[in-house]
Novice: 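After the structure tokens below, expect a handful of questions from me.
Residue numbers start from 1 in every chain, and the chains themselves are labelled A, B, ... in the order their sequence lines are given, proteins ahead of strands.
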Amino acid sequence: MRKMVKQNSKLFIVASAAIVLVVIVWVVLGSHRNITQPISYNHKIHIEEAELTCVDCHLYVETMPTATIPNIEICQDCHSDEPMSDSPEEVKLLKYIEEGEKIPWQRIYAVPNHVYFSHRRHVTIGEIACSNCHGNVEELTEPPSYPLWLPTMENCISCHKEHKVTYDCLACHR
Amino acid sequence: MEIKRRDFLKLLSGASGAVALGTYGCSDIIDVPEKLIELAQKGPGIVTWTNTICGQCSAGCGIKIRRIDGIPVYIKGNPTYPVNRGGMCPSGHSSLEVLFNPDRVKEPLKRIGLKESGKWDSISWNDALQLIADKMIELRNVGKPHQVAFLDGSDQPGLMNKHIAQFMKAYGSPNYYQSGQLKNNTAPYRLLQGINQLPSYDLLNSKYILSFGSNFLEEGYSPIYYTKIYSHLRDSSEHGRTRIVQIDSRISLTAANADLWIPIRPGTYGALALGIAFVLIREKLFDDNFIKNYSFGFNDWTDNKGITHLGFRSNVISNYYPEQVSKITGVPAETILKIARDLGNSRSSVVLGDQGTVDNTNGTFSQMAVHSLNALLGNFGKDGGVYFVDLPPLADLPPFDEDEIAALGNSKKPVAQSLDTNYPLADFSIDSFTKNILNDDPYPIDILFLYKGNPLFKTLNHHDFAETLKKIPLVVSFDPFITETSEYADIILPDHTFLEKWDKFCNTPTVGFTHVGIQQPVIEPLFSTRNAADVIIELSNKIDQSVANALPFQSYENEIRFSVEKLYNSGEGAIISEGVKSSWLEYLQQRGWQIGRYNSFDEFWKLLTRNGGWWNPIRQTKDYKELFKTPSGKFEFYSQNFANIINKLIETTGGESPENREKVLHSLNISVRGDKVFLPHYEAVPIEENMPLYFITFKLLTNRDGQSSNQPMMQEMFGYTVREYWNSWVEINPETAQEYGIEDKKDVWIESPIGSIKVRARLNPGIMKEVVAVPFGLGHTSYGRYAKGYGTNPITILKNKYDMINGNPALQATKVKISLAT
Amino acid sequence: MTEEKTKTIDIDEALYRPIYETGRGFYLTVGILLMIILFAAFMYVRQVYYGLGVTGMNQPVTWGFYIVNFVFFIGISHAGTLISAILRLSKAEWRRPITRMAEVITAIVLAIGGLHPIIDLGRPDRVLNIFTAGRLQSPLLWDVTSITAYFTASTVYLYLPMIPDIAKLRDRGGKLTRFYDFLSWGWQGTDHQKKVLNRAINILMVMVIPIAVSVHTVISYIFSMTLQPGWHSTIFGPYFVVGAIFSGIAALLIVMIAFRKVFHLENYLKLIHFQYLSTLLLIMSLLWFYFTFSEYLTGIFGAEPHEMDVILYKFTGPYAIFFWSMVVFNFIIPVIVLSFKKFKTIKGILFASITVVIGMWLERLNIVIPSLANPRMELGSGMYFPSLTEWSLFVGAIAVFVLGYVLFSKFFPIISIWEIEEGREESIKEVEKRVKSYLPGPAETSD
Amino acid sequence: MPKWAMVIDLDKCTGCGDCMAACKLENNVAIVSPEQTEEGRVMFWMDMMSVYDGEYPHVKVKRIPKPCFHCDNPPCIKVCPVHATYINPEGLVGQIYHRCIGCRYCMAACPYTAKVFNWYEPEWAEEFKTCLNPDVSLRMKGVVEKCSFCAHRLQVVKEDADAEDREIMDGEYMPACSESCPADAIYFGDLENRESKVFKLSRSPRAFKELEGLGTEPKVIYLSKRE
Amino acid sequence: MNSTENTSRDKIIFTAQLASISLIWIFVIAIAIWILNLISVSVDLNDAPGISIAISLVAIPVFFTLASILTYVFVGFHKNSKSDLNNTLGD
């Protein structure tokens, strides 16, 4: 009898642990659906072979709060009529350029609109490397499909504490 | 996927940290990703500022529009624009609600069915213009171009009125009217000084400001300009602080900020002014030198026929002794003595009158009486006095040759000027306008253009004007919104809102320096609308080459450039600029103004549009000859101009004879006889004896002409001073309320001989006991979702009375009964 | 043993009857109450969905019925534990049939009252913020702590004296034996167990009184910690406690009279109980008046303008009717009814108790609303009209209370059976002994 | 550390109400429906009080703009159960909308009635959403909000100053009301900076604070010649 | 009466009772942890920690006393009858 009780309770513990785990996994994985971009952009090739830097395309990284994702206006500076490679992705891009249609990039990094986050503040004034939050993007051959680093308040504050910069609410909340 | 294991762990810990709702628990982050993408800003957020001119009212303040990625999001005053110096009024701040208003007319509309049916069909610009042009060509072909009328509701001097006038003249119609009262309001100055312009007052240098009902901080032509001046007056040290005395029936914004508020019975301002004149004369507090050398008709005088005429002095001394005036006005005799002595003893003191003084049947005479106090004080051409501003050196529109049809049309008598003896000094009288059109007298009107202003909402004779609009076969409205007036239109050609269009304004009335403001688009037109000015050019091209010749411009923008080019060539003044950060006062006193450096007109134009305007703060000292363009060349207490007008009227009625004179004066409703008619005098306002209370309306900064009613922000702020929102109220003195058993915030009926309205009562100690007041601006029956059905329009119960001389609506001439609504 | 048991059953059968006999009345009552509660729940869900706009609260009057009811219900909760603890502590023998009833009121009403601040929240979805990011500096958190403590203490205090009765129910058998078995904690009625239980109850008794007093003081702190006129008062603590006990006794009397009637407990709840309790009510009424009087006296005497605004508003403003009816309900009626023997019947006492409960609710209203309606700045006064949502949640809360009580009486004896038994068997002797010890005479030497 | 404060010169202020409008526009303050305003739920971060004084006919009216007073000893933050309202080292009393649970205790505790509550979800016509200020987040139903001294402007100004490696200049950080006051009656600046206009004016003999006796030490200082 | 069935039922009920007691302890400890957490937050944010500490000084012991009383009663009840249980159950 006692054994049975014990087994029962064991079962209960296991079951509840499993449920908790499932919930956690569901929240963690479910929270970022894998995002596929319309064009599988190759950061690595642009940085290593075209010798571009981040600022060349993410124009406002050093001067504005929002870095912006480059679109055809910037792409077409290099990719005009002739394809440079035999990549099918470039063909897609050229089609967008030809039709004058914006590439519907999906944003994967963004802060909620009640947060004031400034790239200028972090990149230019704070001199934080892009890779701190965006990871080793120059090594990526295709765009990341979910954010490397979630802009949660915990993450922001822990980093701010680490760097001994203000974590006053009004510094970010607006 | 080349995400390292370590990174993945980091990611996991980050996310689960959020799940675990740690110390700073921000639970909202759990559902972030989808929300993030949705909320993410679309562009980089690049901020640009554009200077333009506010079009919410006629004050023409310079504003700066903050645009983020091209979309206007905020407005502030243009700190360098001289009229408002960075200041703004609440209504200006709601301009974006005009631009983005959901009730805008988004394309040309053609009415379906009967007028006022509210059913519209869209029509292409081309069809609409062709339709109108065909009608106009037809009229010209039968030689009746004068049967086209244009009613322009803007009260703003600028290029647009010249543009329309040019068009109408070339087309051949004398019937272009500005329904604003700007021109009518100059009547007293025309009579006393022969000047067709409103004076400016040098308040900054005066030590005593006596204002007769002039609510210059709220209802004036440029409240923000006066607010700036007020602020500088109050900024000065305690010693020698300027005193402001406000005579008004209720505590208006100006009265609230004055040092002293003197309650007065509506319509008796003239009597009070003359009572003050009595004291000034009796106590010899007037400017002897000025009176002796530069005035006419102060003392009794004899004309070349040897007839002795009554002088101002004798008239005042015999009729306006303080006790008598006190009985008329309700102002205690001691108060009259006190303000008169203060006025006479302060150097320098200035007297101004508006709103309360002029909004009555005796408005012109009252304002003459008020202005004559300035003459007694010798306030012309001196610091702290009255002066008149020069016009900017702008190019007139190019001359053109009007063809025969046009010449014939222009020779016809304008339809809005009275055919009998009513309103002899009216430039535009809505009373005559409606009566004459309804009677086809002297000819019918076939086409009516309406531009700005919503006249139907503001007129006293609402019914007649509506009938007029119904009667006219083709009514074309340029309104960007469907207003009460454009409900009666047959075609609506939606204008841009002022944030999308080009325009040019100059010299806001009563502002004390010459200036030009450029209005320019801050955003591409949101809808298929067109600038009314461009539409007129297009129309002129469609009608006839001779009409088109009058407006030889590609677009209105070019026209502005053309007109401004002379400004550049003149070398006068300067484009407004930052640079000098000294106070405004110093600005004005700065006489040695330097001219900006620009090498070409293009540079000038670029700078002008970037900075938003041009001004010339230097006031040329004028000699009295320029100030007094009267027959005598002096300030005429006894207005010979008026005498001439009356004589002319008598002639048209059948020649000089006492009977004819009596007939003319009678039809003008002038009660006095003899020389008094031509002197500033008090005319009693005809009122009903059986009604116990005076009824007046007033305007608020939040909604000066009822034009802000379609802006939710202004509707909400409408009565911020009494905490009434989206609603009208009636101000009642607590003692009066007690007498009628009325409580605060209870609805009351206000009953006049015309009709009755139900309004919420608000007890307010700041109103005369025998006066009740309802703000103007609400009570729309049209004008979009935010305007329709909120509040009450007090105009609807006003009697159909007008100023006997200049035809302005008499807003304070009605008496009413009130009772608690159950 | 068995003989004894049957004997007791015979005597106290009336106390067991409601548990074993379920009439139509029970189902009807529960059905109606459930319907009311469901409606209230619907209204609450609606409020969460649309926002607090569905209530009648507005700009200066930012707190309305919910906070009034919160204070009121917490006040009522003082009926129980405090009274029963005091009576137990003072060894008042007449307490025996009353204590359970009083304690049940406390437990149920506290739970309801404690929920009211959550109902009042604009963002109930963020209520967890209190736990993740709370600030103990806020009197609201003091409330959370002290109400939790009081709720725990009073539930324990209700539960422990119930154990012997639960054991009795267990021994009687029936469908719920296992449930009673679980709850009886292995009570066998041994001497050791009795000793343990008595000791625990004695400790609790002492503990519960300060907790109860502190809870209502802390509730008053919500108001008196702000700077608002009419709230910022030092006597608010005791004033609230007195008011709470006052309303608590009245509520207890109402419950007693109701159950006496419904369960035919005339043999247990005798007139003497009501007279004792109503005397207590009378005293509290006088005390309440004293506190009210001194509260307003200090305000009027000091005549600080804002304070006077609020006081005059209470006396003459739109809420004056509530103020004066509060005085009538809380002071004039109870004093008249309870001072004269002629009126001091069960009916009279019921009447007075009902007016007191209403009056105390009005008192809470008069504390919360007028202060808020009269902002210090020149903004004009505000008005507050509760909406249907607030009314239905109020009625719902009362329904929850009644339902809770009805259900409790369905599962547990409403009068402590073992204590009655104990009273019959031992207390007469004990009281005699005790009274003797009070009486003047030669000091007893320890024998 | 600067201490931001506002000085309102009541002698200069005419009560035109522009500060109210500028504030509404800048801060996306919701415009509630007319029915709601009737119930007293109108939202103004900058409100206007009318004070009547004297007996007819010697009546005086003074209109007083009333923002949040950003007290140095704020009664509201003491009672907040969740750190949603707090005072930061620069003296700004912040309101964190996403933390607020909507208990409205701060509103009840504020002697200045400076806070407003979102009784319903704030709504805008679709067209008006285009021109909302992206610098200020929208509030949701059930939270308290109030004047922030336009703290979002400070974020930008600070960043500009840091980027140029300098201190914030006097007059660089201005709330919308102060910026557009037509009477120049609203001054804003750093109380700790002895050179600032605000510091000088706060020492003026005309200076007074609302409800000074409460010890809340408001950082909105009024100037008026006391008559 | 089936004694084995009875005792097994007793066992289950006994575990349930034990569980409820431990739940109460978990509750009390959770409250204590919560209050301590709030203190640490207020210290962290420099937010008048004195008040928090004062309240926790009062509140935590109260909860612990309550839990202790319950435990005392539960243990007290069973201590006495332990011998009986042992006798009947054997094992």
Novice: Given a strict heavy-atom distance threshold of 4.5 Å, which part of B:Leu700 is in contact with chain D: side chain, backbone, both, or neither?
Specialist: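 It is neither, since no heavy atom gets under 4.5 Å.
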Novice: Spell out the residues in residues 116-123 of chain D that have some non-hydrogen atom less than 4.5 Å away from a non-hydrogen atom of chain B, in order of number; otherwise answer 'none'.
Specialist: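 Expected list: none.
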Novice: Between D:Phe149 and D:Tyr173, is the ring centroid distance below 6.0 Å?
Specialist: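 That pair fails the under 6.0 Å test.
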Novice: One thing to verify: whether B:Arg241 and B:Asp259 come together as a salt bridge, which I'm taking to mean a side-chain N less than 4.0 angstrom from a carboxylate O.
Specialist: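 So B:Asp259 pairs with B:Arg241 through a salt bridge.
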Novice: How would you list all residue pairs meeting ring pair (Phe, Tyr, Trp, His ring centres under 6.0 Å) that involve residues 9-32 of chain D, not counting sequence neighbours?
Specialist: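 Qualifying pairs, neighbours excluded: none.
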Novice: Looking at D:Glu164, I'd like to know if its CD atom is crowded, meaning that more than 12 non-hydrogen atoms belonging to other residues, nucleotides or ligands lie closer than 6.0 Å.
Specialist: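 Yes, CD of D:Glu164 has more than 12 neighbouring heavy atoms, counting only those of other groups under 6.0 Å.
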Novice: Sub-3.5 Å donor-acceptor pair from the side chain of B:Asn710 to the main-chain atoms of B:Ala787, do we have one?
Specialist: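 Checking the backbone N and O of B:Ala787 against the side chain of B:Asn710, no donor-acceptor pair under 3.5 Å is found.
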Novice: Which bit of B:Arg723 is near chain D, if near means a heavy-atom gap under 4.5 Å: side chain, backbone, both or neither?
Specialist: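 The answer is the side chain of B:Arg723.
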Novice: Please identify, among D:Ala125, D:Cys16, D:Gly15, the residue contributing the most non-hydrogen atom pairs under 4.5 Å to chain B.
Specialist: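 With the most close heavy-atom pairs to chain B, the winner is D:Cys16.
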Novice: Measure distances from B:Tyr725 to the heavy atoms of chain D and classify the residue's part below 4.5 Å as side chain, backbone, both or neither.
Specialist: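 For B:Tyr725, the contact with chain D is made by backbone and side chain together.
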Novice: Between B:Glu716, B:Met713, B:Lys76, who has the most heavy-atom pairs with chain D when the cutoff is under 4.5 Å?
Specialist: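 Heavy-atom pairs under 4.5 Å are most numerous for B:Glu716.
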Novice: Quick one: which residues of residues 39-51 of chain D reach chain B at under 4.5 angstrom, heavy atoms only?
Specialist: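 The residues closer than 4.5 Å to chain B, in numerical order, are D:Val42, D:Met43, D:Phe44, D:Asp47, D:Met48, D:Ser50.
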Novice: In terms of heavy-atom proximity below 4.5 Å to chain B, should D:Lys129 be classed as side chain, backbone, both, or neither?
Specialist: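 Neither; nothing under 4.5 Å.
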Novice: Of the backbone (N, CA, C, O) and the side chain (C-beta and beyond), which part of D:Cys13 lies under 4.5 Å from a heavy atom of chain B, both, or neither?
Specialist: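 Looking at D:Cys13, just its backbone touches chain B.
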Novice: Select one option (side chain, backbone, both, neither) describing which atoms of B:Pro72 are under 4.5 Å from chain D's heavy atoms.
Specialist: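 Interface part for B:Pro72: backbone (N, CA, C, O).
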Novice: Does the distance from a Lys or Arg side-chain N to an Asp or Glu carboxylate O, for D:Lys24 and B:Glu97, drop under 4.0 Å?
Specialist: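 No, D:Lys24 and B:Glu97 are not salt-bridged.
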Novice: Could you have a look at B:Gly87, B:Pro90, B:Gly92, B:Ala256 and say which one has the most heavy-atom pairs with chain D under 4.5 angstrom?
Specialist: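 Most heavy-atom pairs under 4.5 Å with chain D: B:Pro90.
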Novice: Under a 4.0 Å N-O cut-off, is there an ion pair linking D:Asp11 with B:Arg234?
Specialist: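 Between B:Arg234 and D:Asp11 there is no salt bridge, as every charged N stays at least 4.0 Å from the carboxylate O atoms.
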Novice: For the OG1 atom of B:Thr497 and the CZ atom of B:Phe100, what is their distance to the nearest 0.5 Å?
Specialist: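 Reported to 0.5 Å precision, the distance equals 9.0 Å.
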Novice: Between D:Ala21, D:Pro182, D:Gly54, D:Ala22, which shows the greatest number of heavy-atom pairs under 4.5 Å with chain B?
Specialist: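 It is D:Pro182.
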Novice: Is B:Glu735 salt-bridged to B:Lys769, cutoff N-O under 4.0 Å?
Specialist: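 Looking at B:Lys769 together with B:Glu735, the answer is yes, because their closest N to O distance falls below 4.0 Å.
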Novice: Apply the side chain to side chain donor-acceptor pair (under 3.5 Å) test between D:Gln95 and each candidate in D:Lys115, D:Glu145, D:Arg139, D:Lys146; give the one that qualifies.
Specialist: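 Going through D:Lys115, D:Glu145, D:Arg139, D:Lys146 one by one, the side chain to side chain donor-acceptor pair (under 3.5 Å) with D:Gln95 is satisfied by D:Lys115 alone.
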Novice: Using heavy-atom distances under 4.5 Å, tell me whether B:Met768 contacts chain D through its side chain, its backbone, both, or neither.
Specialist: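 Both parts, backbone and side chain.
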Novice: Identify which of B:Leu96, B:Thr721, B:Leu526 forms the greatest number of heavy-atom pairs closer than 4.5 Å to chain D.
Specialist: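 Heavy-atom pairs under 4.5 Å are most numerous for B:Thr721.
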Novice: When you measure from the side chain of D:Arg203 to the backbone of D:Leu201, do you find a donor-acceptor pair of N or O atoms at a distance under 3.5 Å?
Specialist: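 Looks like no, no N/O pair under 3.5 Å.
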Novice: Which bit of D:Val29 comes within less than 4.5 Å of chain B, counting heavy atoms only: side chain, backbone, both or neither?
Specialist: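 Contact with chain B: none, neither part.
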Novice: Counting only non-hydrogen atoms closer than 4.5 Å, does B:Ser94 touch chain D with its backbone (N, CA, C, O), its side chain (CB onward), both, or neither?
Specialist: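 Contact with chain D is absent: no heavy atom of B:Ser94 under 4.5 Å.
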Novice: Enter the distance from D:Lys12:NZ to D:Asp9:CG here, rounded to the nearest 0.5 Å.
Specialist: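 Output value for this atom pair is 5.5 Å.
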Novice: Are any non-hydrogen side-chain atoms of B:Tyr230 and B:Ile244 less than 4.5 angstrom apart?
Specialist: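 SC-SC contact between B:Tyr230 and B:Ile244 confirmed.
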Novice: Salt-bridged, D:Arg153 to D:Glu26, with N to O below 4.0 Å?
Specialist: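 Salt bridge between D:Arg153 and D:Glu26, a charged N being under 4.0 Å from a carboxylate O: yes.
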Novice: Below 4.5 Å from any heavy atom of chain B, which atoms of D:Glu126 appear? Answer side chain, backbone, both or neither.
Specialist: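 Interface part for D:Glu126: neither.
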Novice: Rounded at 0.5 Å granularity, tell me how far SG in D:Cys80 sits from CD1 in D:Ile101.
Specialist: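 Taking SG in D:Cys80 and CD1 in D:Ile101, the distance rounds to 7.0 Å.
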Novice: Between chain D and each of B:Asn733, B:Asn727, B:Thr702, count heavy-atom pairs under 4.5 Å; write down the option with the most.
Specialist: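 Most pairs with chain D among the choices: B:Asn733.
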Novice: Examine distances only and state if a side-chain atom of B:Arg762 and a backbone atom of B:Val722 form a donor-acceptor pair shorter than 3.5 Å.
Specialist: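 Judged by distance alone, yes, a pair lies under 3.5 Å.
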Novice: Out of B:Gln715, B:Arg760, B:Met714, which one racks up the most heavy-atom pairs below 4.5 Å with chain D?
Specialist: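 The candidate making the most pairs under 4.5 Å is B:Arg760.
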Novice: So what's closer than 4.5 Å to chain D heavy atoms on B:Arg66: side chain, backbone, both or neither?
Specialist: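 For B:Arg66, the side chain is the part near chain D, not the backbone.
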Novice: Applying side-chain contact (heavy atoms from CB on, under 4.5 Å), can you list everything that pairs with B:Ala255, at least two apart in sequence or on another chain?
Specialist: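 Partners of B:Ala255 under the side-chain contact (heavy atoms from CB on, under 4.5 Å) test: B:Gln246, B:Ile251, B:Ser252, B:Trp261.
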Novice: Check each atom of D:Leu25 against the heavy atoms of chain B and say whether the ones under 4.5 Å are side chain, backbone, both or neither.
Specialist: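 Answer is both: backbone and side chain atoms of D:Leu25 are under 4.5 Å from chain B.
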Novice: Using a 4.5 Å cut-off on heavy atoms from C-beta on, say whether the side chain of D:Gln155 contacts that of D:His152.
Specialist: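 Answer yes - side chains close enough.
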Novice: Step by step, work out the side-chain hydrogen bond (donor to acceptor under 3.5 Å, both in side chains) result for D:Asp18 and D:Ser180.
Specialist: CA-CA 7 Å; D:Asp18 180 51; D:Ser180 59; 3.2 Å; yes
